[in-house]
Amino acid sequence: MLINALCDYYDILVSQNKVLPEGFSKVGISYMIALTPEGKIDAIVNCQNKNIVTDKKGKEKTVSYPKEMLFPKRSEKTAIAANIIEHRPTYIFGLLNEGDKLTADDAKKKAAKSHEALLKTNLEFIEGLDSPVINAYRNFLTSWEPAQETENNHLLELGKKLSVANFCFCLSGHPERLLQDDPAIKEKWLQAYNTANADTDTQTIAQCAVTGQKAPIARIHGKIKNVVDGQSSGTTLVGFNNSSEESYGRTQSYNSNISEAAMLKYCEALNYLLASKKNRVVLDGVTFIFWAAAQEDAYDDCINDILFGADNQLDTEATENLLAGLAKDAGSAAIVKDRLRMDNLDPDIDFYIAGIKPNASRLALKFLHHKKFGDILQNIAQHQADLQIGEKYKPLTLKQILRELISPKSKNEKVDPALLTKLLEAIIFNRPYPHAVLAKAVQRVQTDVNLEVEDYVERTMQKRRACIIKACLNRYSRAKNMKEEFDVALDINNNNQAYLCGRLFACLERVQSAASKGNLNRTIKDTYFPAASRNPKVIFPRLMYLYEYHQHNLDTGLAVHYDKLIGSIMNMLAGEFPSVQTLDEQGKFIIGYYQQMQDFFKKKEEA
């Protein structure tokens with residue numbers, strides 16, 4: 001499925017000129033050689049792109065760089081080997097730079113041999129082809145004499161640039177008529193390329209598992225680069241290194257039945273995705289790639305921004321507004337699709353998300369998820385709605401979630417790739433999060449209570465972890481067709497015992513802080529929070545004793561206020577504290593604590 005989807009995506013990329021069509025190469029061209037119909041050089045025109053940049057001192061300057069053009073596939077040989085429609089000056093002109101002079105003579109006769117190779121291959125190739133630019137090129141090849149062109153003004157004006165620049169040919173007065181783009185050149189080149197690369201060995205001809213057509217099967221698959229922790233030279237996705245993996249007398253990748261054409265397509269598309277910032281994200285050792293089967297980049301940017309939180313390709317405010325609207329209607333697929341169409345996004349576009357991780361010699365596909373874009377975005381919207389705590393909507397990216405599951409002091413700790421894979425799957429398919437996510441979030445809250453960090457950092461950590469715990473618990477309830485237990489803000493009617501204990505702990509901490517005027521080295525949270533969330537029956541009697549002590553140091557108005565609030569919570573608890581709390585109950589305790597604390601701050605802001 002992955003290879004088939006990548007082959008389809010390759011065709012989309014080719015239509016956008018984002019990847020090379022099979023049999024062609026990109027070359028950076030600096031100059032166009034304008035030829036007369038007789039094959040004479042009328043002019044050599046600078047065709048480089050120009051860009052204005054600002055240097056370190058703030059001064060603007062114009063920088064020139066070659067223009068990329070498509071040529072028949074270039075030779076990779078280091079020895080003398082001419083290309084069809086050459087771009088290298090030594091082959092074209094048969095001259096070398098020696099100081100400020102041009103010469104056709106050199107000890108190894110490299111220039112002469114290069115030009116002779118060009119004449120042989122190109123005159124033979126264009127034989128029988130007819131067009132104005134092809135005829136001008138043929139006349140140039142047959143009339144150009146390197147030894148007689150050492151004083152050519154067009155070449156001398158280039159100076160040292162002659163030996164380092166790349167060239168293309170066009171018809172004089174018609175810079176749009178490029179030789180390499182001539183339809184007759186392209187058609188004949190593709191015929192020659194396909195014939196040269198066809199393998200007539202009967203062992204390699206079989207039905208391609210991707211296209212369904214009989215075609216030469218790839219013996220060795222291309223290298224895939226830019227995978228984190230992968231080999232620098234590239235790693236293969238398909239490979240057979242052991243005889244035990246072979247069958248029916250076939251060796252190596254002949255066993256995969258993937259044609260040479262399909263192999264080149266999927267490798268090119270996969271390397272494009274892995275090289276693109278829009279389509280690649282690395283999280284805790286897993287390389288994620290994602291793409292829409294569409295020509296617009298908006299789909300990829302949207303998922304990148306709201307799910308992975310990579311580089312904010314879209315406008316942050318606009319993205320958050322879109323997601324906030326989707327989150328409100330996450331339960332209704334029809335309304336979600338209408339919202340997407342209003343933003344010029346087609347909800348029925350196919351969307352793919354894959355996770356890749358290298359092993360010893362090959363790439364391991366951890367997962368591949370394929371859904372309609374509207375369904376994925378609707379499920380992400382539900383995921384974000386579950387994470388919300390507080391009235392102000394703020395999306396929480398996958399990168400931020402993972403950061404809250406590890407110690408902020410650790411520099412090397414990573415989330416288990418298996419857990420990361422299951423969490424992403426739960427988001428994409430709107431399933432309950434893995435229980436390990438809840439366990440890690442609760443553990444981090446209990447462990448990091450004494451962490452010495454700035455107040456802002458601590459509040460951010462508290463909120464994000466509370467968001468994660470709330471989302472876990474609500475999704476567990478929804479999966480069991482039960483009413484969701486937690487709203488985005490404090491619920492004074494929630495009579496869950498663990499939730500009430502969390503609220504009570506927040507009240508007791510607030511009383512202690514008010515009684516001491518904030519002059520405390522350690523609060524009850526620093527000392528008792530982890531134990532209170534696990535064993536309320538053991539810890540809370542001690543905390544209630546301390547409350548009686550702190551209450552005497554409060555102003556009368558505050559004392560009455562907190563006495564009423566704590567009394568109402570104790571009434572709902574019926575004077576009994578739970579003995580031992582499960583992991584889910586510890587999570588509910590933390591939600592109760594956080595929402596009660598947020599309510600205190602909210603009332604302070606209103607006052």
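With respect to Asp11 and Lys265, a salt bridge is recorded, a charged nitrogen being found less than 4.0 Å from a carboxylate O. In this structure, Lys470 does not pair ionically with Asp386, as no charged nitrogen and carboxylate oxygen lie closer than 4.0 Å. Taking 4.0 Å as the cut-off between side-chain N and carboxylate O, Asp350 and Lys371 do not count as a salt-bridged pair. Salt-bridge annotation for Glu404 and Arg444: absent, with no side-chain N of the basic residue lying under 4.0 Å from a carboxylate O of the acidic one.
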### Message
side chain to side chain contact (heavy atoms under 4.5 Å, CB included), that's the test. Do Leu402 and Lys414 meet it? Break it down for me.
### Response
CA-CA 8 Å; Leu402 297 179; Lys414 294 180 180 179; over 6 Å; no
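Once rounded to the nearest 0.5 Å, the distance linking CZ of Phe290 with CG of Leu424 reads 10.5 Å. A distance of 11.5 Å separates CG in Leu387 from CZ in Arg464, rounded to the nearest 0.5 Å. The distance from atom CZ of Phe71 to atom CD1 of Ile185, rounded to the nearest 0.5 Å, is 11.0 Å. Expressed to the nearest 0.5 Å, how far NZ of Lys67 lies from SG of Cys47 amounts to 5.5 Å. For the atom pair OG (Ser276) and CG (Asp297), the distance works out to 7.5 Å, reported to the nearest 0.5 Å.
With no hydrogens or angles considered, no side-chain donor-acceptor pair links Gln213 and Ser259 at under 3.5 Å.
Here His369 and Phe429 bring their ring centres to under 6.0 angstrom of each other.
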